[in-house]
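Throughout, residue positions are numbered sequentially from 1 according to the sequence presented.
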Amino acid sequence: MTAWGWNTWEATAPSEVRDPRTGLAVRVSAYSTKANDATALPLSRDTMLGPRLEDGRYLEATFAHHGSRVRVRAASEGDDVCGAVEVFPEGEWGLRFWFTLEVGFPADDGEVRLEIPAGEAEYVDPPVAVATWSGGAAAFSPAIRPVTQHLYETREDVLREFVERGYYYRPPVRDLGRWAVLRFNAITPEVPWALGVGATEAEARERLAALLPTTPGLLDERRAKAEVVPERPAAIRDVLNWNTVWNPVWDAPYTPATRGWVSHRFGGFIVWQIDSWFHVILASHVGDGALARANLEAALGCRTDTGMLAALRGVLTDWVDRSHPPLGAHAVWSAAESLGDPSILERAYPVLRDAYRWWWTARDGNGDGVLEYGSSPVGDGHFVHTRLAAMDESFNDNSPVHDELSFVPATHTLDGADVGLNALLVHEAELLARIAEGLGRTDEADDLRSGAQAHAARIRDVLWDDERGVFANRRWDGVFVRSLSPMSFAPLFAGVASPAQAERLVTEWLRHPARFGGPYPVAGTPHEDPASLDNEYWRGRVWPPLNYIVYHGLRRYGFDVDAAWVAEAGDAMFRRSWAGRRSYENFNQRTGEGGDSPDAEPFYTWGTLLPMLAEEDLLDLDPFDGLCVGSPAPPVTSASLPTGAWGLLRAEVQADGVTLAGPDGLVFRARGSVGRFRSVTLERDALSLSLPASAVPMTIEVTSPARAATLVGVPVETSASGVEIAPSAAAGRRLRIERG
């Protein structure tokens, strides 16, 4: 059997748990007599998606229906599953608010029969629904007797009957059906249920009998486990897990940007390439290797015959004419390091290498070696070979940075080079070179590395606007595009900027309150740009993926205070919305609000990049600085990080320093500095790390007495309390402590 079992796989049905191994599902619906309206409890802006553990081990959601609320809980238990439905009939008398428990087969995969107890037991004991299919059986029962129970071929008939015939209607009796439907009303406000699976009906009944009495306690236990996780990792976990659904085309799980888009807008299947890379990063950060790998496969599934990675794969529209900004190497490196799984690199490298090469064959419209976004004349995706499609390739669809550009059909590109695209290509090549070297492909590594260096020089020469002191897009006529976006900081992320350029970017643009600064950085459009007043999608709003790129660029160049500021402001925006269980797609750059725009989806995966950055500011695995801990102004006081190499690491900020602990206890404690310790290396009998600048003396304590220590290769004294380090304005001094 596959490892993927019971879960809310159907995007349009967050109240349903389904097992892809058997095709069996348990679903909940509701009916309001007051409104004469029956609902299958779809996802809506009124839905409150609660705690959610991985692998369907626990989920909780509350649905509103005409003034009443329906809380659905479920928990997988191996091959079995249990749950409970609780109704708060605040909108009308409980007798007149109805809900159903439905068990059956959404596809024509099996059949269900009902067994009702005989004699007086019929008035006491609940019925059992027995589902059978080729190779197995299941037994389902609520803990409480329903008002009625019936068999159906189509569960949608139940909703129609409520509306057309009322709640007293009794459908014709059947011996078999695809669905068993058990009706309750809110006079019985809470109903636990369980389902046992076995190779035979007898085994299934035994498993049901064992699970049903334990269901209330099991649900409460799982909820407690969900709540004990710290707020930020729990938010990432819940948003990712609620948005993870089943891909019916590839017969595998994946995480769309938001499950609310999957059906009504895209026909049941949609993979955005760049979103999938962020899902790999987010899942790896919380240690969910299975979900990270599932989304890796979804992203790699965007590959086309030309080697490019399509921007979108879907049922209704397939964008093989355009790609998305290259972020794959960054994502797979992050996943491989976090999860301790180098096979991820082996799996992804050939695909990412070909995708990287594709850009150079398809997107240099004027042949100057500095690339543009575009749309190739292939496929039948919507808007193919248009200016809109070319803007879509940037994933900053309606950003004002495109306003001055036109689409050139002969070259299949816009008529201006994009600074974000070119910088991300340098970053992609850097990490691809590192991966290639690790895989023994040294010639490819050398070519990638030299190509990245040459391209970085071109960006510094062609896309730096010295008059304004900023990297900017540039039209083919040589004129710099007036409007800017946070992608102007992508050269920091890629290590392209000179130190002087980096300084101007940060002091003159990032911190400037009329530009990208203010209380809610990073402004998606500089405040001084009239387009920022549009407050419409990429115009005038804060975008978490852009904050991610800016933050990591600041860290790479040592702007740790500025990075902490970006992380803290983003975390504050997210936490304000998360108080109402909302993870917005974007935020108002002047107010920090997410819900003020209809174009800000309320439960979007990459909203959780903001709390992740807050954690990364204290504890992170960085592509260029390795394991890092501490910050000069951390937005959080504690953070945890699952790692494949060292297990679960925990960092804590005290009043006068930073502590790093692992599964076996203390790794080191730095007293006297809360700066960022970079390139931390944990060996069996030694600790190495690069020190931050510090105006006061530091003491580095380790788990066992220090035998010897060197600072920048020079021996230093040790004591029972550790190693004393004198103040220094220089950052990056390498300390190595050998432990006794």
- [ ] Could you tell me whether Asp620 and Arg555 have a side-chain N and a carboxylate O separated by less than 4.0 Å?
- [x] yes
Open item on the list: Can you tell whether the side chains of Glu337 and Arg434 come within less than 4.0 Å, N to carboxylate O?
Closed with: no
Task: Euclidean distance, Arg237 CZ relative to Leu291 CG, rounded to 0.5 Å - done: 13.0 Å
Open item on the list: Measuring from atom CG of Leu687 to atom OG1 of Thr681, what distance do you get when rounded to the nearest 0.5 angstrom?
Closed with: 8.0 Å
Task: Arg576 to Tyr584, cation-pi by 6.0 Å centre distance and 45° axis angle - done: no
TODO: State, with a plain yes or no, whether a side-chain heavy atom of Leu610 is found less than 4.5 Å away from one of Pro544.
DONE: yes
Task: Side-chain donor or acceptor of Arg541 paired with backbone N/O of Gly524 under 3.5 Å - done: no
Task: Flag side-chain contact, heavy atom, 4.5 Å: Thr659 against Phe668 - done: no
TODO: Provide the closest heavy-atom pair for Asp622 versus Cys628 in the form atom of the first, atom of the second, distance.
DONE: CB-SG, 4.3 Å
Open item on the list: Check Glu297 with Arg347, please: is the shortest side-chain N to carboxylate O separation under 4.0 Å?
Closed with: yes
Open item on the list: Between Leu424 and Met487, is there a side-chain heavy-atom distance shorter than 4.5 Å?
Closed with: yes
Task: Atom pair CG/CZ of Asp288 and Arg293 - distance to nearest 0.5 Å - done: 9.5 Å
Open item on the list: Can you confirm whether the side chains of Tyr537 and Glu585 place a donor and an acceptor under 3.5 Å from each other?
Closed with: yes
- [ ] Indicate the atoms forming the closest heavy-atom contact of Tyr356 with Leu425, along with that distance.
- [x] CE1-O, 3.4 Å
Task: Leu431 CG to Leu345 CG distance, which is reported to the nearest 0.5 Å - done: 10.0 Å
TODO: May I ask you to decide if Asp275's main-chain N or O and Thr605's side chain share a donor-acceptor pair within less than 3.5 Å?
DONE: no
- [ ] Just do the ring-ring contact (aromatic ring centres under 6.0 Å, His included) check on Trp250 and Phe269 with the steps written out, would you?
- [x] CA-CA 9 Å; Trp250 297 339; Phe269 159 53; 5.1 Å; yes
Task: Residues Asp560, Arg678: salt bridge by 4.0 Å N-O rule - done: yes
Task: Note, Ile549 side chain near Leu492 side chain (heavy atom, < 4.5 Å) - done: no
Open item on the list: Check whether Arg582 reaches the backbone of Pro602 with its side chain - one donor and one acceptor, N or O, closer than 3.5 Å.
Closed with: no
Open item on the list: Please evaluate residues Leu510 and Val522 with respect to the criterion side chain to side chain contact (heavy atoms under 4.5 Å, CB included), reporting the C-alpha separation (whole Å), side-chain torsions for both, the decisive distance (0.1 Å), and the verdict.
Closed with: CA-CA 8 Å; Leu510 179 67; Val522 177; 4.1 Å; yes
Task: Trp277 side, atom CH2; Leu296 side, atom CG - distance, nearest 0.5 Å - done: 5.5 Å
- [ ] Without swapping roles, check the side chain of Ser276 against the backbone of Asn295 for a donor-acceptor pair under 3.5 Å.
- [x] no
Task: Where Pro325 and Tyr373 come nearest, the two heavy atoms and their spacing - done: CG-OH, 3.4 Å
TODO: Give the ring-plane orientation class for Trp4 versus Trp9, where under 30° counts as parallel, over 60° as perpendicular and anything between as tilted.
DONE: perpendicular
Task: Under 3.5 Å: donor-acceptor pair, side chain of Arg676, backbone of Asp617 - done: yes
TODO: With side chain to side chain contact (heavy atoms under 4.5 Å, CB included) as the test, would you mind laying out the steps for Leu546 and Asn396 before giving the verdict?
DONE: CA-CA 10 Å; Leu546 299 185; Asn396 304 158; 4.2 Å; yes
TODO: State which residue, out of His552, His455, His330, fulfils the ring-ring contact (aromatic ring centres under 6.0 Å, His included) condition with His427.
DONE: His330
- [ ] Heavy atoms only: give me the nearest Pro634-Leu618 pair and the separation to one decimal.
- [x] CB-CD1, 4.4 Å
Open item on the list: Donor-acceptor check, side chain of Asn247 to backbone of Tyr254, threshold 3.5 angstrom: yes or no?
Closed with: no
Task: Phe516 side, atom CZ; Leu505 side, atom CG - distance, nearest 0.5 Å - done: 9.0 Å
TODO: Evaluate the ring planes of Phe278 and Trp606, with Trp represented by its six-membered ring, and classify them as parallel (under 30°), tilted (30 to 60°) or perpendicular (over 60°).
DONE: perpendicular
TODO: Please report the shortest heavy-atom distance between Gln273 and Ser323, naming the atom on each side.
DONE: NE2-OG, 3.4 Å
Task: Parallel, tilted or perpendicular: ring planes of Phe266 versus Trp272, cut at 30 and 60 degrees - done: perpendicular
Open item on the list: Could you walk me through whether Leu660 and Leu649 satisfy the side chain to side chain contact (heavy atoms under 4.5 Å, CB included) test, starting with their C-alpha distance in whole Å, then the side-chain angles of each, then the deciding distance to 0.1 Å, before giving a yes or no?
Closed with: CA-CA 7 Å; Leu660 178 66; Leu649 297 178; 4.2 Å; yes
Task: Check against side chain to side chain donor-acceptor pair (under 3.5 Å), Trp246 and Asp251 - done: CA-CA 7 Å; Trp246 199 261; Asp251 196 29; 3.0 Å; yes
Task: Residues Asp392, Arg322: salt bridge by 4.0 Å N-O rule - done: yes
Open item on the list: Run the side chain to side chain contact (heavy atoms under 4.5 Å, CB included) test on Tyr548 and Leu327 for me, step by step, so that the C-alpha distance in whole Å, both residues' side-chain angles and the decisive distance to 0.1 Å come before the verdict.
Closed with: CA-CA 12 Å; Tyr548 180 89; Leu327 198 69; 5.6 Å; no
Open item on the list: Main chain of Thr244, side chain of Thr255: is a donor-acceptor contact present, judged purely on distance under 3.5 Å?
Closed with: no
- [ ] Would you confirm whether Ser577, through its side chain, and Phe574, through its main-chain N or O, come within 3.5 Å as a donor-acceptor pair?
- [x] yes
Open item on the list: Between Tyr604 and Trp261, is the ring centroid distance below 6.0 Å?
Closed with: yes
Task: Glu60 side chain vs Pro51 backbone, donor-acceptor pair below 3.5 Å - done: no
TODO: Determine the sole option in Ile281, Val351, Val280, Ile435 for which the side chain to side chain contact (heavy atoms under 4.5 Å, CB included) test with Val332 is passed.
DONE: Ile435
Task: Close side-chain approach of Glu231 to Trp578, heavy-atom, < 4.5 Å - done: yes
Task: Non-hydrogen side-chain atoms of Leu609 and Asn547 separated by less than 4.5 Å - done: no
Task: Least distance between heavy atoms, Glu615 atom then Ser640 atom - done: OE1-O, 3.6 Å
- [ ] State, yes or no, whether a side-chain contact exists between Met391 and Asn398 at a heavy-atom distance under 4.5 Å.
- [x] no
Task: Whether Trp543 and Trp538 hold their rings parallel, tilted or perpendicular, with breakpoints at 30° and 60° - done: parallel
Open item on the list: Check this for me, if you would: do Asp562 and Arg511 make a salt bridge, where the nitrogen-to-carboxylate-oxygen distance has to be below 4.0 angstrom?
Closed with: yes
Open item on the list: Would the distance check show the side chain of Arg222 and the main-chain N or O of Ser76 forming a donor-acceptor pair, the cut-off being under 3.5 Å?
Closed with: yes
- [ ] State which residue, out of Thr258, Thr608, Leu49, fulfils the side chain to side chain contact (heavy atoms under 4.5 Å, CB included) condition with Val239.
- [x] Thr608
Task: 4.5 Å side-chain heavy-atom contact, Trp646 and Leu627 - done: yes
